[in-house]
Amino acid sequence: MPYEQSRSGARRIRVVADRPYTLLSCSMSIDGYLAGPNRTRLLLSNDDDFDRVDAVRASCDAILVGAATVRKDNPRLLVRERSRRDERVALGLAPSPTKVTVTRRARLDPGAAFFTAGDSEKLIYCASAAVADARTRLGAMATIVDGGQPIDMQSMGRDLLARGVQRLMVEGGGSLHTQFLLGDLVDELHLVVAPFFVGDTRARRFVNAGHFPWNPDRRATLAEVRQIGDVVLMRYALSDRFRGE
Ligand SMILES: NC(=O)c1ccc[n+]([C@@H]2O[C@H](COP(=O)([O-])OP(=O)(O)OC[C@H]3O[C@@H](n4cnc5c(N)ncnc54)[C@H](OP(=O)(O)O)[C@@H]3O)[C@@H](O)[C@H]2O)c1
């Protein structure tokens, strides 16, 4: 597939893609935290922004979250707005994108909303050592993919592309953000800043430490800044595949 195609059908840049177009989306506090320090879920966005995120979800083929996010936030990972689900169905797609998670230990609760909410396809990329256990406990609820030992995000991306995922949304948490960004595997970053501080170093940060491809000598391209009520969305173009739609 020598050319990428936008959803509107227009021809774009010439690339030979070996991974899905990848959009990383997250919201954080002013001081860069993804959550509070305890198990209580912290809302780092507002209704209008949740609706924007819903539209982005509806435009993707798969949504990926880390296993800790499945355990802690228990997200449904569905398109909420009915008209968006209908639009997808009219295009011959499932109402919501495929749900994807990644785990080393496969300690996931089969009762989690990841498995029980909606009819979307579910994929679990599991480290080789835990695959047998995962198939026994979760094989009826999801497709268990042997992701290797360790799992690297680039190989996972290749496998997702081979399964038909052309547009991937990565929705956290910090461990996945770090691996995707360090690996230069993100085409577009959506960063929302909520108007408060968390101020507790026990909480999870947007990313861990590392040598990121964007640094003072290689600045990322800021593509858009949008105020959405009391939060701000910053969109960064992180590769030349960026589609500024
Ligand atoms: N504000 C936001 O936008 C947002 C979005 C999502 C999440 N969050 C927050 O982020 C926090 C969770 O972030 P987190 O960094 O702790 O966890 P995470 O990224 O959600 O998940 C980490 C887990 O994913 C699995 N994993 C990650 N990389 C792997 C690899 N290469 N191979 C195999 N398994 C791998 C491991 O699962 P196992 O432990 O099962 O082996 C690991 O413990 C939560 O507090 C959540 O509320 C915030």
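When a ligand or atom number is given, it counts from 1 through the structure's own listing order. Start at 1 with the first residue, then count along the sequence. Here the structure is a predicted model, which means the values were calculated and not measured.
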| Does an N or O from S25, backbone or side chain, lie closer than 3.5 Å to an N or O of ligand 1? | no

| Hey, does I151 come in under 3.5 Å of ligand 1, counting only N/O atoms on both sides? | yes

| said: Heavy-atom distances under 4.0 Å decide this one: backbone, side chain, both or neither, for A68 against ligand 1? | reply: both

| field | Distance-only donor-acceptor check, side chains S175 and Q179, under 3.5 Å | value | yes

| field | Min N/O separation A106 to ligand 1 under 3.5 Å | value | no

| At the 4.0 Å heavy-atom cut-off, does M153 count as touching ligand 1? | yes

| task | Using non-hydrogen atoms of the residue, decide whether S27 is closer than 4.0 angstrom to ligand 1. | result | yes

| said: Nearest non-hydrogen contact with atom 46 (C) of ligand 1 belongs to which option: V65, V192, D73? | reply: D73

| request: Tell me, please: is R71 in heavy-atom contact with ligand 1, that is, under 4.0 Å? | output: yes

| query | Heavy-atom distance to atom 24 (O) of ligand 1: which of A67, S45, P150 wins? | reply | A67

| Under 4.0 Å from ligand 1, counting heavy atoms only, is it the side chain of R105, its backbone, both or neither? | both

| request: Classify the contact between T69 and ligand 1 as side chain, backbone, both or neither, using a heavy-atom distance cut-off of under 4.0 Å. | output: both

